[in-house]
Amino acid sequence: MVAKLDKIFNSFVENRIFKNKGVLQTSYTPDTIPHRDKQIEAVASILAPSLRGERVSNLFCFGKTGTGKTLSVQYVTNEILKRIKESGGDNLRVVYVNCKLKKVADTEYRILAEIISSLGESVHSTGLPTGAVYSKFVEIIERKKQLILIVLDEIDQAVKKIGDNFLYTLTRLNSELKNSQISIVGISNSLTFMDNIDPRVRSSLGEEELVFPPYNALQLQDILRERTEDAFSEGVLQEGVIAKCAAFAAREHGDARRALDLLRVAGEIAERESLDKLNLDCIDKANNKIERDKMIDIIENEPKQHQLVLYSIMHLSKDKNYDKIFTGNVYNRYQELCQRTKNDILTQRRISDIIAEFDMLGLINVDVISRGRKGRTREIKMMLPETIKTKAEEILITSLML
DNA sequence: GTCAATTCACATGAAAGAGACCACGGTCTAGTG
DNA sequence: CTAGACCGTGGTCTCTTTCATGTGAATTGACGA
């Protein structure tokens, strides 16, 4: 046994795939951001007045995930802050809020609380009237003459959940403020986000708009090449690895984050298998693993009722009597399952929503179809790859104690 | 045969309720000097 | 006298139910050729 462990540990210590893995982590901020010069310049020129403490136009950045929106904005704000610090000023505060992180900011209240706590004050996570939190916010920023730059990342998520009301309030806040000023930088993954929000908000929020196009495969290669120099030991990467990673990610709408993840996981796989080179095979494995881990993670953390529904769908999709699955089938199977497991039975209305949520998560694929006299319903297809079906089922069975 | 009306089986929306959580302020209690 | 325990109030959040309205093609039935 000891010998075995020795082998594992040794291979780990001896095997030097990575030079610095941190470079590939999402939290890493590189010094240079290739192929985003134009956008960075644009952001910089829009935000530049803040150097003199003047209010800057509200800015709105669009682009799919992993197109460098957050990175560019952070890069520019950091530079501005650095410069202001050098000249001894302190009348600019940058607040970064990621609206996507659950438990951090998925309600108006929490977003506000998050902003306040980034300003160094604290508010309770719940219990206060929202209005009171607004007053507190105003009070805090009014203490001195300053410009508050609020960066709302993944703002589309927040608006989808809680509506655009808070954006309106936030943009209107300026008229109440005497000392300080607020500017908002919104970052959105959805290109159509602006279409369905209140026109008043749209005009004030979108004073400046900036689109981040997806990277193409060649640009992704540049990005990867730059990072890999620091991340991997010399000569570890086999010919074509970068190209393949880039190609994979380009297929996923040019997501650079995805490409870097892919490379990192591939490296980990190579390390674990004590290979001395990272080959194309590792990339394939990494791609599967990422998909797999993502889904397993989702399934594991789903609440019980959702798991019951998911299990019903899985069960039905294995059943040869059903070549197509509809909402009604799922609901019936779900009811049986609940009775067997002594769980409460939710209404069809709720199950309908839960099914829609699974569709969003990509666990299933749903088409709303009309079957004429047989009514309108959803046609449901299981989307789990074969490789994780068994695993997923195991998880559900244990979790539901079937 | 053609065309409009009907019908099914849900989808989709809106509103509201239940229960959990939390802060706040007031009251009670026990420990301390 | 004071710190801490405890309680009721008032607020939010999430999950869920209830009620209402919408939807698109197969089916039906009236109508005319």
Side-chain angles (χ1 to χ4, degrees), chain A residues 97-117 121-140 154 157-170 192 195-198 298-313 316-317 321-339 341-361 363-381 399-400:
Chain A
V97 182
N98 190 337
C99 306
K100 193 180 170 185
L101 298 177
K102 267 205 161 178
K103 307 296 165 204
V104 173
D106 58 353
T107 69
E108 179 176 10
Y109 189 102
R110 283 191 193 151
I111 288 176
L112 211 51
E114 182 66 19
I115 294 174
I116 292 178
S117 74
E121 301 275 334
S122 70
V123 243
H124 316 297
S125 54
T126 168
L128 256 50
T130 310
V133 186
Y134 268 110
S135 340
K136 173 144 190 183
F137 176 57
V138 170
E139 182 216 312
I140 290 170
E154 319 249 359
Q157 302 281 333
V159 170
K160 203 166 71 193
K161 277 211 95 148
I162 61 181
D164 50 16
N165 213 352
F166 82 101
L167 284 177
Y168 182 66
T169 323
L170 223 47
T192 55
D195 296 346
N196 35 24
I197 64 174
D198 192 321
I298 292 173
I299 294 171
E300 238 168 358
N301 293 315
E302 232 26 45
K304 194 162 221 161
Q305 290 290 354
H306 292 230
Q307 288 185 340
L308 283 163
V309 177
L310 188 61
Y311 188 75
S312 308
I313 297 174
L316 280 170
S317 70
N321 296 327
Y322 298 87
D323 51 337
K324 285 182 176 165
I325 309 171
F326 304 108
T327 307
N329 308 136
V330 175
Y331 190 59
N332 290 338
R333 188 59 61 96
Y334 160 81
Q335 279 177 308
E336 289 166 21
L337 199 60
C338 283
Q339 269 160 13
T341 56
K342 307 244 181 324
N343 279 295
D344 293 343
I345 300 175
L346 303 183
T347 51
Q348 180 149 326
R349 178 71 188 82
R350 182 85 252 272
I351 302 307
S352 181
D353 278 347
I354 292 177
I355 290 175
E357 281 172 44
F358 285 150
D359 184 33
M360 293 267 295
L361 290 171
L363 298 179
I364 60 177
N365 196 334
V366 155
D367 271 325
V368 178
I369 54 159
S370 182
R371 294 182 296 162
R373 235 174 173 208
K374 289 179 171 173
R376 228 164 99 86
T377 182
R378 288 196 180 104
E379 189 182 323
I380 299 163
K381 280 194 230 75
S399 153
L400 297 170

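This structure is a prediction, so every number in the text was calculated from the model and none was measured. Numbered from 1 within each chain, the chains take letters A, B, ... in sequence-line order.
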To the nearest 0.5 Å, how far apart are CD1 in A:I351 and CG in A:N332? 11.5 Å
Taking CG in A:N301 as the centre, count heavy atoms belonging to other residues, nucleotides or ligands within less than 6.0 Å. Is the count above 12? yes
To the nearest angstrom, the CD1-C1' distance between A:I355 and B:dT12 comes to 14 Å
Check this one for me: any side-chain N or O of A:T327 less than 4.0 Å away from OP1 or OP2 of B:dA11? yes
Selected nucleotide, minimal atom distance to A:R350 side chain, candidates C:dT16, B:dC10, C:dT18: C:dT16
What nucleotide among C:dT16, B:dA11, B:dT12 has an atom nearest to a side-chain atom of A:L346? C:dT16
Nearest-Å distance, CD1 (A:I351) to C1' (C:dT17)? 12 Å
Find the distance A:Y331:OH to C:dT17:P and express it as a whole number of Å. 8 Å
Could you give the CG-to-P distance, from A:N343 to C:dT16, as a whole number of Å? 11 Å
Side chain A:E336, main chain A:S312, donor-acceptor under 3.5 Å: no
Let me know the distance between CG of A:D353 and C1' of B:dC10, rounded to the nearest Å. 13 Å
Validation row: A:E302, A:L310 side chains within 4.5 angstrom (heavy atoms): no
Of the candidates C:dA25, B:dC10, B:dT12, the side chain of A:Q348 sits closest to B:dC10
Within this structure, what is the CG-to-P distance between A:D367 and C:dG24, rounded to whole angstrom? 14 Å
Residues of residues 373-381 of chain A with a heavy atom under 4.0 Å from any atom of DNA chain C, listed by number, are A:R373, A:G375, A:R376
Got a list of side-chain donor-acceptor pairs under 3.5 Å for residues 353-360 of chain A, not counting sequence neighbours?
from	atom 1	to	atom 2	distance (Å)
A:D353	OD1	A:R349	NH1	3.0
A:D353	OD2	A:R349	NH1	3.3
A:E357	OE2	A:R350	NH2	3.2
A:D359	OD1	A:V366	N	3.4

Heavy atoms under 4.0 Å, any strand shown: does A:I354 hit a base, just sugar-phosphate, or nothing? nothing
Whole-Å distance separating the CZ atom of A:R371 from the C1' atom of C:dT23: 14 Å
Do A:I313 and A:R333 make a side-chain contact, defined as non-hydrogen atoms from C-beta onward lying under 4.5 Å apart? no
Out of C:dT18, C:dA25, B:dA11, whichever nucleotide has its closest atom nearest the side chain of A:T347: C:dT18
Nearest-Å distance, CZ (A:R349) to P (C:dT21)? 15 Å
Are A:R378 and A:F326 packed together at the side-chain level, in the sense that at least one heavy-atom pair is separated by less than 4.5 angstrom? no
